[in-house]
Amino acid sequence: MKPPRFTYHDPTQLPEALELLAQLGADSKVLAGGQSLIPLLNMRMAHPEHLIDLNRIHELAYLSERDGGIAIGAMTRHRTVERSTLIRKRLPLLAQAVGQIGHVQIRTRGTIGGSVAHADPAAELPAVLAAFDGHVTLTGPSGIRQVGPEDFFITYLTTSAAPDELLTEVWFPAPPPRTGQTWLELARRHGDYALVGLGASLTLADDGTIADTRLALTGVGPTPVRARSAEARLRGERPGAAVFGEAGRLVAQEVEPDSDIHASADYRRHVAGILTLRALEAAAQQLTGAATA
Ligand code: FAD
């Protein structure tokens, strides 16, 4: 299959790319890793007249500690994040989740910015952003703005970015001490998009009770979903199988997945509950191990 005809632009600086985007507007598409866009073009599901390739804009590929968290440039490849010692140490949930994206070839080309901008509700990174309450930086003709996940992800493949804005950075706050984190997902085959995925984070207070918890899911709605009522139920409790099981039941009730050719809504709800229990147990075990180390 071949893509429809387009005019190719390969800016080397961010201002050049922004100028092109402002000029060409709705007739153009930005090309990052191409792992989602190129199949869409080949299947004739997108027909841009212009492609603006970001791959020569090296200033958009970086990973650094900043403002109490980690800033990742939009053109940083999934594989760079997966292999980063800094990410494994400071944001293990992100490292685990990125490692589940497709196959190694896809992760070598696919980018953090592309994945978040594409806003596929089955993708891992939007849910990780929701779990951490991180933000994206959008850069456009009138400057930059930072947007949190709840305002950024609107619905399936749709974000609040304007047509003349580029997603230039994704920022994740570093979790507080005594935090355990786990990403778990169920896919039909290795490398497939997850039927359901879940990022769980558990922070303990000095007295051993749960000070904070984050449960963010993928594959159960048109955007990443935070299981807020299960999170609220866990706060103040002592970690344990009973309360984790109850959180799992609450998550299964709280989410509203659709049925599709891959799985029914009921099955997805069931899987969401089981993943919650298992991810919370794994996160708690990390903390127990840290305490005894
Ligand atoms: P592209 O494909 O280049 O672009 C995707 C979209 O985002 C386009 O609309 C583009 O215009 C826009 N865009 C890109 N960058 C920017 C930017 N900086 N600012 C504004 N808009 C931008 N993904 C998962 O999350 N989980 C999976 O399990 C998974 N499995 C896959 C399996 C296969 C076989 C394949 C082919 C892909 C899979 N993917 C999966 C998709 C992959 O992760 C892509 O890398 C990701 O969805 C898009 O990133 P990209 O850099 O390739 O973006």
Side-chain angles (χ1 to χ4, degrees), residues 1 3 6 8-11 14 17-18 20-22 24-43 45-57 59-62 72-82 94 96-129 136-140 144-145 147 152-153 156-170 183 185-197 199 218-219 224 262:
M1 283 194 279
F6 54 81
Y8 176 76
H9 306 266
D10 60 344
L14 181 57
L18 290 169
L20 281 165
L21 206 55
L24 304 170
D27 288 338
S28 67
K29 271 269 173 205
V30 162
L31 175 68
Q35 298 304 297
S36 296
L37 182 57
I38 297 296
L40 287 176
L41 295 180
N42 288 348
M43 288 187 281
M45 291 167 78
H47 303 84
E49 286 183 23
H50 300 267
L51 271 199
I52 305 170
D53 187 349
L54 302 182
N55 282 276
R56 287 175 204 263
I57 307 180
E59 65 188 288
L60 287 179
Y62 57 86
I72 305 180
M75 286 304 290
T76 310
R77 311 286 166 181
H78 300 322
R79 189 74 173 142
T80 306
V81 173
E82 181 187 355
L94 175 61
Q96 288 170 28
V98 168
Q100 300 287 319
I101 295 176
H103 301 274
V104 72
Q105 294 86 343
I106 290 156
R107 299 198 294 276
T108 303
R109 287 300 303 165
T111 66
I112 298 299
S115 209
V116 174
H118 192 52
D120 188 323
E124 284 81 359
L125 292 184
V128 175
L129 194 67
V136 299
T137 298
L138 301 173
T139 306
I144 65 167
R145 62 189 179 111
V147 187
F152 185 66
F153 298 110
Y156 296 94
L157 309 182
T158 308
T159 71
S160 60
D164 57 1
E165 284 180 315
L166 276 179
L167 190 162
T168 45
E169 184 180 280
V170 183
W183 177 268
E185 65 178 53
L186 180 74
R188 296 186 73 179
R189 292 174 309 186
H190 168 70
D192 280 4
Y193 275 95
L195 292 177
V196 180
T218 191
H262 303 296

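Just follow the structure's listing: the first ligand is 1, and inside any ligand the first atom is 1. Position 1 is the first residue of the sequence, and the numbers go up from there. Bear in mind the structure is a predicted one, so any value in this text is a computation, not a measurement.
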Looking at ligand 1, does any of its N/O atoms fall within less than 3.5 Å of an N/O of [X]?
| X | value |
| --- | --- |
| Val30 | yes |
| Gly110 | no |
| Ala32 | yes |
| Lys29 | yes |
| Leu166 | no |

When you measure from the side chain of [X] to the backbone N and O of [Y], does any donor-acceptor pair fall under 3.5 Å?
| X | Y | value |
| --- | --- | --- |
| Gln100 | Glu185 | no |
| Thr158 | Tyr156 | yes |
| Asn55 | Ala32 | yes |
| Thr218 | Pro121 | yes |
| Thr139 | Ile144 | no |
| Gln96 | Trp183 | yes |

Could you check [atom] against the protein and tell me its nearest heavy-atom contact, residue, atom and distance included?
| atom | result |
| --- | --- |
| atom 43 (O) of ligand 1 | Ile101 CG2, 3.2 Å |
| atom 39 (N) of ligand 1 | Tyr193 OH, 3.1 Å |
| atom 18 (N) of ligand 1 | Leu167 O, 2.9 Å |
| atom 51 (O) of ligand 1 | Thr111 OG1, 2.6 Å |
| atom 53 (O) of ligand 1 | Gly114 CA, 3.6 Å |
| atom 1 (P) of ligand 1 | Gly34 N, 3.4 Å |
| atom 26 (N) of ligand 1 | Glu124 OE1, 2.7 Å |
| atom 4 (O) of ligand 1 | Leu37 CB, 3.9 Å |

Nearest heavy-atom neighbours spanning Ala117 and Leu167
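Between these two residues, the closest heavy atoms are N-CD1, 3.9 Å.
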
Judged on heavy-atom distance to atom 52 (O) of ligand 1, which of Glu185, Gln35, His118, Glu165 sits nearest?
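It is Gln35 that holds the nearest heavy atom.
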
Out of Gly191, Ala117, Ala74, Gly33, whose heavy atom is nearest to atom 21 (N) of ligand 1?
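Checking each option, the heavy atom nearest atom 21 (N) of ligand 1 is found in Ala117.
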
Anything under 30° is parallel, anything over 60° is perpendicular, the rest tilted; go ahead and classify His190 against His103.
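Aromatic pair His190/His103 classed perpendicular.
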
For ligand 1, note which part of [X] has a heavy atom under 4.0 Å away: side chain, backbone, both or neither.
| X | answer |
| --- | --- |
| Ile106 | side chain |
| Leu54 | side chain |
| His78 | side chain |

Going by salt bridge (Lys or Arg N to Asp or Glu O under 4.0 Å), name the pairs with one or both residues in residues 106-117, residues two or more places apart or in two chains.
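Sorted pair list: Glu82-Arg107.
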
Going by the order shown, which atoms of ligand 1 are within less than 4.0 Å of some heavy atom of [X]?
| X | answer |
| --- | --- |
| Gly102 | 27 (C), 28 (O), 29 (C), 30 (N), 31 (C) |
| Asp192 | 28 (O) |
| Ser36 | 2 (O), 41 (C), 44 (C), 46 (C), 47 (O), 48 (C), 52 (O) |

Report yes or no: does Pro39 have a heavy atom closer than 4.0 Å to ligand 1?
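No, that is not the case, since the closest heavy atom of the residue is not under 4.0 Å from the ligand.
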
Who are the side chain to side chain donor-acceptor pair (under 3.5 Å) partners of His118, not counting sequence neighbours?
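Applying side chain to side chain donor-acceptor pair (under 3.5 Å) to His118 gives none.
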
Is there a side-chain contact between [X] and [Y], using heavy atoms and a 4.5 Å cut-off?
| X | Y | result |
| --- | --- | --- |
| Leu166 | Leu18 | yes |
| Leu60 | Thr111 | no |
| His50 | Leu20 | no |

